[in-house]
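In the text below, chain A, chain B and the rest are named by the order of the sequence lines, each starting its count at 1.
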Amino acid sequence: MPELPEVEAIRGRLRRAARGSTIVGARILRPRTSHPQEPGFLEKALRGLTIQDVERRGKHILFQLSGGLVLRVHLRMTGSLHVIPDVRLLPATTRAYLELDGGRGLIFDDPRALGVLNVHTATEAAAAVADLGPEPLSRRFTREFLRAAASRSRAPVKLFLMDQKRIAGLGNIYAAESLFRAEIHPATPANRITGTRLDMLHAAIVFVTREAIRCARISYARPGHSSEADTFLRAVYDREGEACFVCRRKIRRIPQGGRSTYFCPRCQK
DNA sequence: TCGATCCTGTAG
DNA sequence: CTACAGGATCGA
């Protein structure tokens with residue numbers, strides 16, 4: 001279910017819970033989880049290693065392990081990662097888990113089973129994320145960068161924003177929310193947005209990403225509790241037929257790239 | 001750029 | 001039953 005902000009919240013939590021821990025053993029419960037790597041290879045490779053740090057690049061979570069190895073996890077649509085006190089109490093939809101020292105479990109829970117977990121050398125891990133564009137909150141993601149990138153693409157701007165090779169981490173929700181804040185119609189070709197409007201989009205992406213990370217951290221700390229800011233970040237997503245918070249027109253849903261895009265037909269021209 | 005694919009769950 | 005799901009990749 002996660003985009004960059006949720007992955008970032010998970011990363012932070014895992015870092016606090018698992019950094020410094022030793023991997024006593026590893027089990028892949030469903031074979032395709034580590035595709036194309038053999039489950040047995042992972043189980044053997046991970047045993048005895050220490051988790052030195054937990055990093056993130058785009059929507060990839062990267063566990064830096066002793067021996068220079070990297071455990072890379074992509075959660076795709078429904079994946080989640082968390083540490084539980086007793087590894088024997090696995091959720092029913094667990095795809096893989098690590099047993100950590102003290103009997104704790106690092107669980108890769110993924111009911112829809114679309115996520116992927118691989119072990120790499122540092123070089124392989126770098127190659128696996130080499131094609132990603134800049135992080136929206138990094139120094140590389142400037143207005144000038146966005147101008148150059150947008151000018152090179154005729155794709156509908158919503159699809160442009162979701163292309164991980166151009167910008168890393170935006171997904172279906174926050175791409176739509178960023179376009180709403182910048183008052184841009186999602187079907188506009190990226191290269192037709194210029195100047196001030198593109199600067200607005202840049203600011204919207206940065207704002208939405210920042211706020212969403214904040215919200216994701218809070219909702220992990222207090223599950224089930226949705227804040228005012230949460231609503232603010234769901235101005236259009238999944239609100240088809242409901243009134244736009246700004247102009248009261250009905251939010252519309254259109255297909256783009258085989259997925260749903262939500263937007264306000266009055267605010268976003 | 002569309003559709004199929006990888007999977008399972010849930011809402012209508 | 002169908003449609004759709006906060007992702008990504010592939011081939012036509």
Students should find that the nucleotides of DNA chain B closing off the region near chain A, any atom under 4.0 angstrom from a heavy atom, are B:dT1 to B:dT8
Rounded to the Å, how far apart are A:N118 CG and C:dA8 C1'? 14 Å
Rounded to the nearest Å, what distance is computed from the CG atom of residue A:L75 to the P atom of nucleotide C:dA8? 10 Å
Rounded to the Å, how far apart are A:D238 CG and C:dA3 C1'? 13 Å
Need one value for A:H74: base, sugar-phosphate or nothing, where a base atom within 4.0 Å counts as base even if backbone is also close, heavy atoms only. sugar-phosphate
If you measure from the C1' atom in B:dC6 to the same atom in C:dC1, how many Å do you get, rounded? 23 Å
So does A:K59 get a side-chain nitrogen or oxygen closer than 4.0 Å to the phosphate oxygens (OP1/OP2) of C:dA8? yes
Applying the side-chain contact (heavy atoms from CB on, under 4.5 Å) test to A:F63, which of A:L14, A:D53, A:L69 qualifies? A:L14
Roughly how many Å is it from CG in A:L161 to P in C:dA8, rounded to a whole number? 14 Å
Could you check whether A:P255 gets within reach of a base, just the sugar-phosphate, or nothing at all, counting any heavy atom under 4.0 Å? nothing
Under 4.0 angstrom, heavy atoms only, what part of the nucleic acid is A:R95 near: base, sugar-phosphate, or nothing? nothing
Please confirm whether the shortest side-chain N or O distance from A:Y262 to OP1 or OP2 of C:dA5 is below 4.0 Å. yes
Hey, is CD on A:E124 packed in by over 12 heavy atoms from elsewhere, all under 6.0 Å? yes
Nearest-nucleotide check on DNA chain C, A:R112 vs A:Q164; residue mapping nearer the 5' end is A:R112
Does the distance from a Lys or Arg side-chain N to an Asp or Glu carboxylate O, for A:R253 and A:D238, drop under 4.0 Å? no
So, are A:R56 and A:E135 salt-bridged, with charged N and O less than 4.0 Å apart? yes
Kindly assign one of parallel, tilted or perpendicular to the pair A:H202 and A:F141, based on the angle between their ring planes and the thresholds 30° and 60°. parallel
Side-chain ion pair, A:D110 and A:R95, N-O less than 4.0 Å: yes
Donor-acceptor pair, distance only, cut-off 3.5 Å: does the side chain of A:N118 make one with the backbone of A:S34? yes
Take atom P in C:dC4 and the same atom in B:dC7, then report the distance between them in whole Å. 22 Å
Rounded off to whole Å, could you give me the NE2-to-C1' distance for the A:H60 and C:dT9 pair? 12 Å
Watson-Crick or G-U stems of DNA chain B, 3 or more pairs, under 3.5 Å, by first number: B:1-6 with C:7-12, B:8-12 with C:1-5
To the nearest 0.5 Å, how far apart are CD1 in A:I10 and NZ in A:K59? 12.5 Å
Between A:E3 (side chain only) and A:G171 (backbone N and O only), is there a donor and an acceptor less than 3.5 Å apart? yes
How would you label the contact of A:G171 with the nucleic acid (heavy atoms, under 4.0 Å): base, sugar-phosphate, or nothing? sugar-phosphate
NA contact type, A:R154, heavy-atom cut-off 4.0 Å: base, sugar-phosphate, or nothing? nothing
To the nearest angstrom, the CD1-P distance between A:I10 and C:dG7 comes to 13 Å
Please round to the nearest 0.5 Å and tell me the distance separating atom CG of A:L179 and atom OH of A:Y262. 15.0 Å
Using the P atom as the point on both nucleotides, what is the distance between B:dT5 and C:dT2, in whole Å? 15 Å
Would you say a side-chain N or O of A:S260 is under 4.0 Å from OP1 or OP2 of C:dA5? yes
Starting at NE2 of A:H35 and ending at P of C:dG7, how long is that distance when rounded to a whole Å? 21 Å
Give a yes or no on whether a salt bridge exists between A:E183 and A:R197, defined as a side-chain N under 4.0 angstrom from a carboxylate O. yes
What does A:R259 touch in the nucleic acid at a heavy-atom separation under 4.0 angstrom: a base, only the sugar-phosphate, or nothing? base
Answer with base, sugar-phosphate or nothing: what part of the nucleic acid does A:T93 contact at a heavy-atom distance below 4.0 Å? nothing
Measure from CD1 on A:I173 to C1' on C:dA5 and round the result to the nearest Å. 10 Å
